[in-house]
Structures are given as C-alpha cells and as structure tokens.
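Taking it in order: structure first as structure tokens, then the write-up.
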Amino acid sequence: MFYHLSNISHHVFKYVTVRTLLAIIVSLCISLCYGERFINFLKKQQKDGQPIRRDGPVTHLETKKGTPTMGGLLIVGSTSLSTLLCADLSNIFVWMLMLLMISF
C-alpha cells in the first residue's frame, strides 16, 4: 500500500531497503502491542494448553503445562499485515511468498 501511495507523495518508498525496514518496524509494533492480548485470548480458549506426551521428558510435564498453542498466528499475522502494507503488491513473487507462508 505504501509503495503505491509513494507514486503520489514521496519516492522514498520505492527503495526496497526503506520498505523492508518499515515492514520490520510495523511487524514488531504489531507483535508488541497485540501480543499479550492475543496470548491471553489463546489461554482463555485453550484452558488445558498444549497437550504433553507422557513419554517425553519429565520437565515438560511441569514447565510446558498450560502453554497455549497457535502462538505462531501472531507472527504470521503481523508479518502478513506488514507485508501487505509495505510490499509492491504488483509483484507476483510477493503473492507467491505470502501464499507459501500462510499455507505452512
């Protein structure tokens, strides 16, 4: 989005390095601002947390109990949003990598 708006205002967003730095900062801010709320939401949804195998290490029974799963959604969500904001969306490789990241 910023890439296409740069045609109107500033040409600084044409540089890949500037857009990369901006995407990193946006993704970090999203993760820091919404991370705690998202993890608390996951804890409410998954009361038991991550299932722990009995045949695993004994320390996992104590330390990993109550750990919510699906925390990677925060990483994928913030990365996807910052990519949509900062990347050149007319480039087919951006869409291929977004599809690949979301599919994993």
Side-chain angles (χ1 to χ4, degrees):
M1 183 166 99
F2 291 131
Y3 179 80
H4 295 291
L5 290 176
S6 67
N7 291 333
I8 300 168
S9 59
H10 303 293
H11 293 285
V12 72
F13 292 116
K14 293 285 184 191
Y15 298 110
V16 175
T17 53
V18 171
R19 286 184 284 140
T20 303
L21 184 62
L22 183 64
I24 290 170
I25 292 170
V26 167
S27 183
L28 179 66
C29 289
I30 291 171
S31 296
L32 290 176
C33 291
Y34 295 106
E36 187 175 349
R37 291 183 217 159
F38 187 70
I39 290 173
N40 289 335
F41 170 75
L42 288 177
K43 283 184 179 181
K44 287 179 187 175
Q45 298 299 318
Q46 300 173 342
K47 304 223 186 290
D48 296 335
Q50 180 176 345
I52 302 168
R53 295 178 17 192
R54 300 262 182 225
D55 61 343
V58 178
T59 57
H60 281 192
L61 294 172
E62 300 166 2
T63 58
K64 292 189 74 82
K65 184 175 176 111
T67 303
T69 58
M70 303 301 287
L73 286 176
L74 178 67
I75 297 168
V76 171
S78 64
T79 304
S80 298
L81 186 61
S82 66
T83 301
L84 289 174
L85 286 174
C86 300
D88 176 12
L89 298 180
S90 63
N91 190 343
I92 188 68
F93 296 114
V94 171
W95 290 108
M96 287 174 24
L97 286 174
M98 287 281 292
L99 180 66
L100 184 68
M101 179 179 64
I102 292 172
S103 68
F104 277 120

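- Between Leu73 and Phe38, some side-chain heavy-atom pair lies under the 4.5 Å cut-off.
- Side-chain contact between Trp95 and Leu89: present, with at least one pair of heavy atoms (C-beta onward) separated by less than 4.5 Å.
- The OG atom of Ser80 lies 11.0 Å from the CG atom of Leu97; values are rounded to the nearest 0.5 Å.
- Atom OG of Ser78 and atom CD1 of Ile75 lie 7.0 Å apart (nearest 0.5 Å).
- When side chains are defined from C-beta on, Thr83 counts as touching Val94, because their heavy atoms get closer than 4.5 Å.
- Distance check: Thr79 OG1 to Leu28 CG gives 10.5 Å after rounding to the nearest 0.5 Å.
- Scanning all heavy atoms of the two residues, the minimum distance from Val76 to Met101 falls at O-CE, 4.2 Å.
- The line from CG of Leu22 to OG of Ser27 is 11.0 Å long, rounded to the nearest 0.5 Å.
- With sequence neighbours left out, the side chain to side chain contact (heavy atoms under 4.5 Å, CB included) criterion links Phe41 to Gln45.
- Under the 4.5 Å side-chain heavy-atom criterion for ILVMFWY residues, no single connected hydrophobic cluster contains both Val16 and Leu84.
- Atoms OG and CG, on Ser31 and Leu74 in that order, are 4.5 Å from each other to the nearest 0.5 Å.
- Under a hydrophobic-cluster definition in which Ile, Leu, Val, Met, Phe, Trp and Tyr are linked whenever side-chain heavy atoms come within less than 4.5 Å, directly or via other members, Ile30 and Leu21 are assigned to different clusters.
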